[in-house]
Each structure stands twice: as structure tokens, then as C-alpha cells.
There are 2 protein chains.
Amino acid sequence: MTGQLSYKNSKVITIGIVSELTGLTIRQIRYYEKRKLIFPERSEQGNRKYSFNDVEQLINIANKREEGVQTFEIRQDMLKEKRKKSGSQLRDEMLRGQINAQFGVNKDR
Amino acid sequence: MTGQLSYKNSKVITIGIVSELTGLTIRQIRYYEKRKLIFPERSEQGNRKYSFNDVEQLINIANKREEGVQTFEIRQDMLKEKRKKSGSQLRDEMLRGQINAQFGVNKDR
DNA sequence: CGTGTAAGGAATTCTGACACG
DNA sequence: CGTGTAAGGAATTCTGACACG
């Protein structure tokens with residue numbers, strides 16, 4: 001029970017709104033990216049774009065941080081989680097990804 | 001089969017990204033708001049914030065416009081649609097709205 | 001009616017760095 | 001290590017208006 005996509009994974013939210021949504025400062029959000037805890041996309045000009053999934057991730061990170069967990073450890077746990085996924089689950093998620101790719105930003109036009 | 005919310009109705013997308021997502025110009029998106037076809041929220045400073053639902057609405061509007069339908073007529077159809085909803089459906093949607101309000105932008109803090 | 005554009009201003013975001021610790 | 005901040009610049013968004021039609 002990991003997946004459920006559609007809008008959840010579209011990278012369309014700017015960092016200011018993510019800050020409001022998560023209660024984290026922009027500085028913190030950028031830092032967690034540097035520590036490889038979160039992976040926003042970039043607009044043509046270079047502005048970060050986040051998904052709702054990213055927002056949820058950040059909320060989880062914020063909770064861990066409050067407990068005193070260091071970013072390094074949080075990253076370890078994330079990698080561990082990823083490894084836990086079975087092949088079929090991954091395949092399933094990728095399929096959904098394809099389907100929802102229809103909703104990605106139009107590169108052309 | 002109208003509803004399905006959660007992320008779909010959170011107003012978190014800025015107009016520039018909506019423009020990319022819909023293929024409409026920013027000018028057009030603002031104009032459709034003036035014609036009451038779309039209802040974005042505003043950030044504290046005044047910037048428009050749209051939901052995925054809004055984006056879908058805009059795509060529908062764009063299609064109608066391509067067929068030569070005027071904004072006035074599009075609006076008529078929208079109001080007609082709204083009236084069609086049965087009370088139970090509306091109640092259902094509002095409930096979901098409550099549940100997902102949890103995900104609205106934090107006004108405080 | 002629907003959309004383009006130049007105008008002027010305010011807020012957003014970006015990066016690299018100094019700071020504290 | 002994690003986060004604040006001032007710095008300078010570039011891109012975003014906003015509104016009201018002139019334009020064409």
C-alpha cells in the first residue's frame with residue numbers, strides 16, 4: 001500500500017506554497033534537497049517544482065527532525081524503504097506513472 | 001461520477017504552471033476568471049492559486065472555445081451542470097471537502 | 001468579445017556566502 | 001549539522017489600459 005498517483009506525483013507546486021503547506025522555511029526545504037531527501041523538478045528558468053508526494057515527504061521529514069533524527073539517518077531509512085518494494089509493486093507504480101505522464105508539463109508548444 | 005477529491009481541489013498551483021499545463025496564455029486564464037468560468041484562490045500577497053480541478057476545467061474551456069463557444073455560453077452550461085447535481089451528491093462532495101480541508105494552506109503560523 | 005502587449009511595481013525564487021555551533 | 005540572513009540579480013505575477021475587431 002505505497003502507491004496512489006495521478007495528481008499526487010505531478011511536480012507543480014512552487015517552493016513558497018510548499019513552505020506554507022509544510023510549515024518549513026524555504027531554507028529548510030532547499031537544505032533537505034541538498035541532503036537528498038527530496039527531489040523537486042525545475043522549471044525552464046530554474047525554479048523548483050514539487051508534488052503533493054513531496055509535500056507529504058517533507059512533513060514526514062519535519063516530524064523526524066523534531067524527534068532529533070539527523071538528515072543522514074532519514075536518508076538511510078528512505079533508501080531502506082525503497083529496497084523493500086517488491087518488483088511487482090515497482091512495476092505497478094511505473095505503469096501508473098506512464099498513465100499519468102499524460103499530465104506532465106507540456107514541453108513543446 | 002463527478003467527484004473524487006483529495007489533492008484535486010487544493011489550490012496550490014501558480015498561474016505560470018497552469019499556463020504550461022493547459023497551453024493557455026496567462027492572459028486567457030485571467031480572462032476566464034473575469035468571465036466567472038474559473039475561481040482561483042489568492043495568496044496573501046494576491047497571487048492566484050489554482051487546483052488540478054481548475055486545470056481540468058480550463059482544458060474543457062479551451063476545447064469549447066476552439067469549437068467557437070463563447071464564454072457566456074460556457075458559463076451557462078456550467079451553471080446548468082451544477083443544478084443537475086442531486087442533494088446527496090452535493091452532500092457527499094462537501095463531506096470529502098471537509099476531510100480534505102486538512103490539506104488546505106495553513107493560514108496561521 | 002477575446003486576446004495581445006508595453007508599463008510600472010511588488011513579491012518570488014535563485015545561488016553562494018558568512019554566521020553560529 | 002542545520003538553519004538564519006543580507007546580497008544581487010533574474011523571472012513571476014499583478015493591475016489597468018490601449019489596441020483590434
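Just so it is clear, the values below take in all heavy atoms, side chains as well, and ignore hydrogens, waters and symmetry mates.
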Enquirer: Which pair of heavy atoms, one from A:Phe39 and one from A:Leu37, lies closest together, and at what distance?
Expert: CE1-C, 4.3 Å
Enquirer: Give a yes or no on whether the backbone of A:Val12 and the side-chain of A:Ser10 come within a donor-acceptor separation of less than 3.5 Å.
Expert: no
Enquirer: Suppose we screen for side-chain contact (heavy atoms from CB on, under 4.5 Å). Which residues come up paired with B:Arg27, at least two apart in sequence or across chains?
Expert: B:Thr25
Enquirer: Strictly under 4.0 angstrom, non-hydrogen atoms only: write out the protein contact profile of nucleotides 5-17 of chain D, one letter per nucleotide from the 5' end, B, S or -.
Expert: B-----S-SBB-B
Enquirer: Specify the residues of residues 31-39 of chain B, ordered by number, for which at least one heavy atom lies under 4.0 angstrom from an atom of DNA chain C.
Expert: B:Tyr31, B:Tyr32, B:Arg35
Enquirer: Please name all residues satisfying side-chain contact (heavy atoms from CB on, under 4.5 Å) with B:Gln45, sequence neighbours left out, ordered by chain then number.
Expert: B:Ser43, B:Asn47
Enquirer: Which of residues 66-77 of chain A sit near DNA chain C, with a heavy atom under 4.0 Å from it?
Expert: none
Enquirer: Name the stems with DNA chain C in them: runs of three or more consecutive Watson-Crick or G-U pairs, distances under 3.5 Å?
Expert: C:2-5 with D:17-20, C:17-20 with D:2-5
Enquirer: Work out which heavy atom in B:Leu24 is nearest to a heavy atom in B:Ile29; give both atom names and the distance.
Expert: CB-CG1, 3.9 Å
Enquirer: For B:Ile13 and B:Val55, work out which heavy atoms get closest and say how close.
Expert: CD1-CG2, 4.2 Å
Enquirer: Could B:Glu33 and B:Arg42 be called an ion pair, given the rule that one side-chain N must be under 4.0 Å from one carboxylate O?
Expert: yes
Enquirer: Donor-acceptor pairs under 3.5 angstrom involving side-chain atoms of residues 59-68 of chain B: please list them, not counting sequence neighbours.
Expert:
unit_1	atom_1	unit_2	atom_2	d
B:Asn60	ND2	B:Glu56	O	3.4
B:Arg65	NH1	B:Val69	O	2.8

Enquirer: Residues two or more places apart in sequence or in another chain: which of them pass side-chain contact (heavy atoms from CB on, under 4.5 Å) with B:Arg30?
Expert: B:Ile15, B:Ile26, B:Arg48
Enquirer: State whether the number of non-hydrogen atoms from other residues, nucleotides or ligands found under 6.0 Å of B:Phe72 atom CZ is greater than 12.
Expert: no
Enquirer: Which residues pass the side-chain contact (heavy atoms from CB on, under 4.5 Å) test with A:Tyr31, sequence neighbours left out?
Expert: A:Arg35, A:Thr71
Enquirer: Run the side chain to side chain donor-acceptor pair (under 3.5 Å) test against A:Gln70 and tell me which residues pass, sequence neighbours left out.
Expert: none
